[in-house]
A.B. asks: 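Let me give you the structure first, and then I'll get to my questions.
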Amino acid sequence: MSRYRVNSSPTAIADLATIWTGLKDRSAVSAASDTADIELADDPKGAGDHLSEGLWLLKVAPLRLYFTIDEDDLLVTITNVRFDLPPQ
């Protein structure tokens, strides 16, 4: 059973949709998004890196997901999603 609820802001939903529709092979983005949801629901602090006051980052290739944690409500909110280009 998941400990935290995971919610995505409208901005994060739009970010993910833009990334997803811009790729020919969408399976990696779908898999990364699913994995991120599972990791954030289980242990967001253990899965992510603290960036600054209230802002966290989770990298699940090929995505970077920025999120906040509300400990009182056990709620993780994904605020933005970015596409990580593979190193060349």
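Just so we're clear, the structure is a prediction, and the values are computed from it rather than from any experiment.
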A.B. asks: Is the backbone N or O of Val29 less than 3.5 Å from a side-chain atom of Ser33, with the two atoms forming a donor-acceptor pair by type?
C.D. replies: no

A.B. asks: Please collect all salt bridge (charged side-chain N to carboxylate O under 4.0 Å, His left out) contacts where either partner lies in residues 52-67, sequence neighbours excluded, each pair once.
C.D. replies: Arg64-Asp84

A.B. asks: Quick check on the hydrophobic clustering: are Phe67 and Leu75 connected, directly or via other members, by side-chain heavy-atom contacts under 4.5 Å?
C.D. replies: no

A.B. asks: Would you please name every residue forming a side-chain hydrogen bond (donor to acceptor under 3.5 Å, both in side chains) with Ser30, sequence neighbours left out?
C.D. replies: Trp20

A.B. asks: My understanding is that only residues two or more places apart in sequence, or in another chain, count here; which of them pass side-chain contact (heavy atoms from CB on, under 4.5 Å) with Ala12?
C.D. replies: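 Here the qualifying residues are Ser8, Ser9, Ile78, Val81.
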
A.B. asks: Atom CG of Asp70 and atom CG of Asn7: how far apart are they, to the nearest 0.5 Å?
C.D. replies: 11.0 Å

A.B. asks: Listing request: all salt bridge (charged side-chain N to carboxylate O under 4.0 Å, His left out) pairs with a residue in residues 7-35, at least two apart in sequence or in separate chains.
C.D. replies: Asp15-Arg82

A.B. asks: Could you tell me which residues satisfy side-chain contact (heavy atoms from CB on, under 4.5 Å) with Asp43, sequence neighbours excluded, listed by chain and number?
C.D. replies: Lys45

A.B. asks: Atom OG1 of Thr77 and atom CZ of Arg5: how far apart are they, to the nearest 0.5 Å?
C.D. replies: 8.5 Å

A.B. asks: Given a cutoff of under 4.5 Å between side-chain heavy atoms of I, L, V, M, F, W and Y, with clusters grown through shared members, what are the other residues clustered with Leu55?
C.D. replies: Leu51, Leu57, Tyr66

A.B. asks: Same hydrophobic cluster for Leu40 and Leu74, using side-chain heavy-atom links shorter than 4.5 Å among ILVMFWY?
C.D. replies: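 Same cluster: Leu40 reaches Leu74 through Ile, Leu, Val, Met, Phe, Trp or Tyr contacts under 4.5 Å.
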
A.B. asks: Take the angle between the ring planes of Trp56 and His50 and call it parallel below 30°, perpendicular above 60°, tilted in between.
C.D. replies: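 The rings of Trp56 and His50 stand perpendicular, inter-plane angle above 60°.
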
A.B. asks: Distance from Leu65 atom CG to Asp37 atom CG, nearest 0.5 Å?
C.D. replies: 8.0 Å

A.B. asks: How many angstroms lie between CG in Leu16 and CG in Leu63, if you round to the nearest 0.5 Å?
C.D. replies: 6.5 Å

